[in-house]
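Notes to accompany the following structure.
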Amino acid sequence: MKKNIMVMGRLSDSQQEELAQNFTLLEHSGSLDLTQPGVAEVLAKAHGIIGSGLPVTPELLDAAPALEVISTVSVGYDSIPVDELTKRGIMLCNTPDVLTETTADIGFALIMAAGRRVIELAEVVKQGKWKSSIGPDLFANDVHGKTLGMVGFGRIGAAIARRGALGFGMPILYSNASPKAELEKELGAKRCELDTLLAESDYVCITVPLTQETEKLIGKREFSLMKPSAVFVNIARGKVVDEAALIEALENDTIRAAGLDVFEQEPLPTSSPLPHMHNVVALPHIASATHETREAMAQRAVDNIRLALQGERPINVVNETVLNA
C-alpha cells in the first residue's frame, strides 16, 4: 500500500508526478487549521507533509498518528516544534544550501540600496523633484572599504561577507557562537563580541536564526551602540529585532538607515511607519523569491520526503536523533 503525502502549497507538475509514482498525494489548498472542514480527515491519513510556512502544533500532531516526516520548503522552521516532533519520532527536513546565494544577493542588495539611498533618490526623480544637481543633504555613504559586521556567520552570513570582502574590499567583523577559522583566513574576518561589532561596523547585517536566545537580540541598547552613520540590515527574522526600538532609532537618527526583508508581523501592517520612512528600504520577505531558487527549494523538499518515506536518509534532517533512533 502506498504511503500518503499531504501537499500544502505549490509543487510543479513534474514534482507532483515524481511523488505520485510512489505515494498517494493528498492535496490540500487551505490551512492546517483543525477547525476547518476536512483538515483532520486528511491529517489522519498522512504519513508525510510537504509545504512552506507550516504552523505545526501538538494538537495537529495528535491528529496525525501515522505521520513520519514533515518536509518544509524553507531553511527556517521556527513555526515547528522540533522537540515535540523528535519526542514522537517524526523527522523534520528543511532546504538549506539551495537558497544561500540568492538570499545573500538580497542581503547585499539591501546594503547597497540603503547605504547609497537608492530607493529614496529614485523617488526624487520619479516625483519630478530633480531640478538641479543634488546637494550634500542627499549625499549617501560609500559601501566599498567600509566595515561590515555580520551578526551570525553561517552559510548565508558567510556568502554576504564574501561579497563584501572580495568584491568591495570591506573589512569583516563577525559575532558567532564559534570561531570560523577558514573564513577568517579566506576573508580576513575578525571574531568579536556583539557590542564591539555594533560599535565599530558601518553596516550591520543580521543573519541569525530565530531562537529563544536571539528573540529581540537587537534592541534599544544595541542601537545606541551603533554609529549615527550606520546602516542596519535584517534578512533573518523580524522578531530578532525589537521593531519599536528600530523605529525609534531611525526617527531619532541614532542610526542612519535600515534595509529590511523581514518584520515582526508579516505581511507588514499598513499602520507600520517603516515603509513610509525615507531612510528605510522595505521588501516583502523575498530573499529566496526567484524562479530558479524556489524551484530548487521545492525539489529539495520533494527529495527529502521521498527518501524519508522510502526508509532512506534524507539530504537534510534537522532532528538527527530521530534518524539515529
Side-chain angles (χ1 to χ4, degrees), residues 1-33 36 38-56 60-61 63-82 85-86 88-106 155-156 159 285-325:
M1 180 182 295
K2 288 184 177 181
K3 291 185 176 181
N4 301 318
I5 295 177
M6 186 176 186
V7 179
M8 303 286 300
R10 297 184 297 272
L11 295 178
S12 68
D13 291 344
S14 62
Q15 288 164 347
Q16 292 201 54
E17 289 169 6
E18 178 183 341
L19 288 177
Q21 290 177 9
N22 297 295
F23 309 102
T24 299
L25 303 189
L26 309 172
E27 294 188 54
H28 182 74
S29 58
S31 70
L32 282 176
D33 184 351
Q36 297 300 312
V39 175
E41 289 78 5
V42 175
L43 281 169
K45 302 174 185 177
H47 298 94
I49 300 175
I50 184 171
S52 60
L54 303 172
V56 177
L60 183 144
L61 297 175
L67 192 63
E68 299 176 27
V69 58
I70 294 175
S71 185
T72 178
V73 189
S74 65
V75 175
Y77 44 85
D78 42 271
S79 64
I80 301 175
V82 181
L85 264 62
T86 302
R88 297 171 186 247
I90 299 169
M91 262 185 280
L92 174 62
C93 301
N94 66 340
T95 62
D97 305 323
V98 293
L99 51 65
T100 296
E101 297 300 330
T102 295
T103 302
D105 284 348
I106 281 291
R155 295 181 185 89
I156 294 170
H285 202 153
I286 60 163
S288 66
T290 67
H291 294 293
E292 299 89 344
T293 296
R294 289 293 173 88
E295 176 76 9
M297 289 170 66
Q299 186 59 50
R300 178 63 61 87
V302 165
D303 293 340
N304 283 333
I305 200 168
R306 174 180 54 78
L307 291 168
L309 291 178
Q310 289 176 337
E312 301 177 50
R313 182 186 180 88
I315 302 166
N316 307 105
V317 183
V318 173
N319 50 350
E320 292 267 353
T321 52
V322 173
L323 276 181
N324 298 334

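Nothing here was measured: the structure is a model prediction, and the numbers come from that model.
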For T100 and I156, indicate whether the former's side chain and the latter's backbone hold a donor-acceptor pair under 3.5 Å. no
Determine the minimum heavy-atom distance between C93 and V69, stating which atoms define it. SG-CG2, 3.9 Å
Does the pair L19 and L11 meet the rule for a side-chain contact (heavy atoms from CB on, under 4.5 Å), with working shown? CA-CA 10 Å; L19 288 177; L11 295 178; 4.0 Å; yes
With no hydrogens and no angle check, is any side-chain donor or acceptor of H47 less than 3.5 Å from a backbone partner on N4? yes
V317 and M91: which non-hydrogen atoms are nearest, and at how many Å? CG1-CG, 4.2 Å
Here the gap from M8 atom CE to L32 atom CG, rounded to the nearest 0.5 Å, amounts to 4.0 Å
Counting only heavy atoms from other residues, nucleotides and ligands, does the tally under 6.0 Å from NZ of K45 exceed 12? no
V73 and S52: which non-hydrogen atoms are nearest, and at how many Å? O-CB, 3.7 Å
For the CG atom of L99 and the CD atom of E292, what is their distance to the nearest 0.5 Å? 13.0 Å
Quick check: do L85 and L61 have side-chain heavy atoms less than 4.5 Å from each other? yes
Value for CD (Q16) from CZ (F23), rounded to nearest 0.5 Å, stands at 14.0 Å
With rounding to the nearest 0.5 angstrom, report the CG to CG distance, L92 to N319. 5.5 Å
Under 3.5 Å, side chain of T72 to main-chain N/O of N94, donor-acceptor pair present? no
Residues L43 and M6: closest non-hydrogen pair is CD2-SD, 3.7 Å
Judged by atom type as modelled, is there a donor-acceptor pair below 3.5 Å linking the side chain of K2 to the main-chain atoms of A20? yes
What I'd like to find out is whether the side chain of E18 reaches to under 4.5 Å of the side chain of D303, using heavy atoms alone. yes
Could you grab the distance from atom CZ of R300 to atom CG of N316, nearest 0.5 Å is fine? 5.0 Å
Minimal non-hydrogen separation, P314 against L323, with atom names: CD-CD2, 4.2 Å
When rounded to the nearest 0.5 Å, the distance separating CD of E295 from CD of Q15 is 4.5 Å
Testing the basics here: between S71 and I305, what is the closest heavy-atom pair and its distance to 0.1 Å? CB-CB, 3.8 Å
